[in-house]
Amino acid sequence: MENVVNHSSNTKPTPSSSPSGGPKGGFFSLKNQDKLHLTAIKSLAVFVIGLLITLLILLLKQAWPAVTEFGVEFITSDWWNPVEDQFGGLSFIVGTVLTSIIAIIIAAPVSIGVALLMTEVLPERAGKTIGLFVEMIAAIPSIVFGLWGLFYLAPFVRETLTPIIKSTLGFIPFFNGPSFGIGVLTASLILAIMIIPTITSLCREVFRSVPTLQREAALGLGSTRWEMIRLAVIKPSFSGIMGGIVLGLGRALGETMAVAMVIGNQPEIPKSIFSSAATMASVIANEYAEADSDLHVSALCLVGILLFGVTLIANAIARLIVWNYNRKQQG
Amino acid sequence: MSQPIISVKDLHIWYNDFHAIKGISIDYLPNTINAIIGPSGCGKSTFVRTLNRIHEEVPGARAQGSIMYMGKNILSSEVDPVDLRRQIGMVFQKPNPFPSMSIFENTVIGLKLQGEKNKSKLMEVAETCLKKAALWDEVKDKLNKPGTSLSGGQQQRLCIARSLAVNPPVLLMDEPTSALDPIATGKIEELMTELKKEYTVIIVTHNMQQAARIADYTSFFILGELIEHGLSSDIFTNPKQKTTEDYITGRFG
Ligand SMILES: Nc1ncnc2c1ncn2[C@@H]1O[C@H](COP(=O)(O)OP(=O)(O)O)[C@@H](O)[C@H]1O
Ligand SMILES: [Mg+2]
């Protein structure tokens, strides 16, 4: 897109083409200071990467017996039976991915809507007040969410939400089945509520960074407020919104306590949205204290590694989406 | 002489308690270029932004008085600002093409907003408007590139083309060349004299030579008041007010 010979403008040289002529020589010359900073930053980066690798290696060492015992079957089998020392983690992978995806489907539109409300619709002060409340939700410890979910959300799901879903989507088997209030749906709802602040805050920052000039450009062409929001605010914010969603997804994938309290902890692939299930994080939290056999401990460590892997894959997919979108934008 | 297309009467504008425009009355004739000059902070932007009610976007801004256009006071609540802005377009000080849109999309977005979907019609309008904005030859081979990949001067002409695409009888321009180099400025000035065959242009400029070169009429503002309004030839060669003379000869400001 650059490198086009352009006769109409650019009579001035671009600043980047002229090398900066700072003071030369001396240990504390600008050049040496730059070098020092660079070295410091580089060693920090190496340290962080080293830490990550060490952590993984240690975890892998613990998990090794399970790897040799079950191999690939560990992720293709959902047979989890500590009594017989049989371990397959598929049901947890399904549980984690399913609850997180449902949570994102609920939380993303709500968060984007609330962020737009704060930045584009409400007067500044009202927007800031709502922002304060949103941040307060983010500060609630997850165990408190778990308690609340157990005592209020679970009964609500059982008595109010279940009949509504069954009467509208019940013809799909996945939205039909016995509902005790504890299970996938309740866990997903809790997760959604927990990640709404994360996504909302990020989206709000992204929307705020859109210059007023862009909004006025849209309005000046005779767009309605909603059209202006779509054109000048949402469209250029796509990668930022995705960033917020990924952050929320990361939190949802790894969330432990609140989920463990409301999902039912059933090591089975859920048959419906109302079934009890378990996630990778919840099974580790629930079983590691009472794991008697070494193989059981090892299997739980392997679940931990898989959780890390799933999070990485989710991040990679999101990056791919953003990259693909940006490429299309460039035409 | 023909009827004014826009007639401003006793216009007052406030930002909360601050009285920014203090009773200005000006008539604008169709197919003319009208410049507004004056020291910075005198209310030039405030004034033009009220002419298509984009001033409403600033919290605390309000206007009083009348701005007659097509037989209606545009400040009254029965006029829909969305409709109004399709009639009275605006080009801003800094070029502001939509960064997520291509050159083509930027040009026709106003039409698309009005519901035009026909691809060949859109292409036709894009070509016409880019030609009117003297940009066609430079971009015709890269219409799918982002609008922001152009140089500043080209971006500003793209913004002009974008405004023209909805065919507004009146075009407001707030210092459209202040961010541009002399060559790009020259192109846009040339373009404006071309545009006045079909449009009425009201342009804010801090550059008095520019006003003298292109404007048929010039208004001189100080501190929210209209000091003098008249033919540019009179204002710049034979001003009636002492303040105007001081300003244009550089003894003021
Ligand atoms: N959004 C705003 N809020 C409050 N005061 C403003 C705002 N915009 C402009 N003003 C004030 O109104 C006066 C006129 O501003 P402006 O119309 O931008 O002047 P000009 O375009 O002639 O430089 C200035 O004193 C400025 O400080
Ligand atoms: Mg101004």
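Chain letters run A, B, ... following the sequence lines, proteins first and then strands; every chain starts at 1. Note: hydrogens, waters and symmetry copies are ignored here, and every other heavy atom, side chains too, is used.
Only the side chain of B/Arg49 comes within contact range of chain A, with at least one heavy atom under 4.5 Å from a heavy atom of that chain. Neither the backbone nor the side chain of B/Leu180 comes within less than 4.5 Å of any heavy atom in chain A. B/Pro81 does not touch chain A: none of its heavy atoms, backbone or side chain, sits under 4.5 Å away. Interface residue B/Phe92: only side-chain heavy atoms are found under 4.5 Å from chain A.
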- prompt: Do A/Arg225 and B/Glu57 pass the salt bridge (Lys or Arg N to Asp or Glu O under 4.0 Å) test, and can you show the C-alpha distance, the side-chain angles, and the key distance before you say yes or no?
  reply: CA-CA 11 Å; A/Arg225 180 147 297 267; B/Glu57 285 309 299; 2.7 Å; yes
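Summarising the geometry of B/Arg162 relative to A/Ala217, their closest heavy-atom pair is NH2-CB, 3.5 Å, with the distance given to 0.1 Å. Contact between A/Leu221 and B/Ser163 at its shortest, heavy atoms only, is CD2-CA, 4.2 Å. Here the closest heavy-atom approach between residue B/Phe98 and residue A/Ala232 is recorded as CE2-CB, 4.2 Å. For B/Pro97 against A/Gln214, the heavy-atom pair with the smallest separation is O-NE2, 3.3 Å. Residue B/Lys94 comes nearest to A/Leu213 through the heavy atom pair CB-CD2, 3.5 Å, listed as atom of the first residue, atom of the second, then distance.
Residue-environment remark: NZ (B/Lys121) stays at or below the threshold of 12 foreign heavy atoms within 6.0 Å. Heavy atoms from other residues, nucleotides or ligands lying under 6.0 Å from NZ of B/Lys196 number more than 12. Within a 6.0 Å sphere centred on CZ of B/Arg62, heavy atoms belonging to other residues, nucleotides or ligands number more than 12.
The side-chain heavy atoms of B/Met90 and A/Leu219, taken from C-beta on, include no pair separated by under 4.5 Å.
Most heavy-atom pairs under 4.5 Å with chain A, from the set B/Asn52, B/Asp83, B/Ile109: that is B/Ile109.
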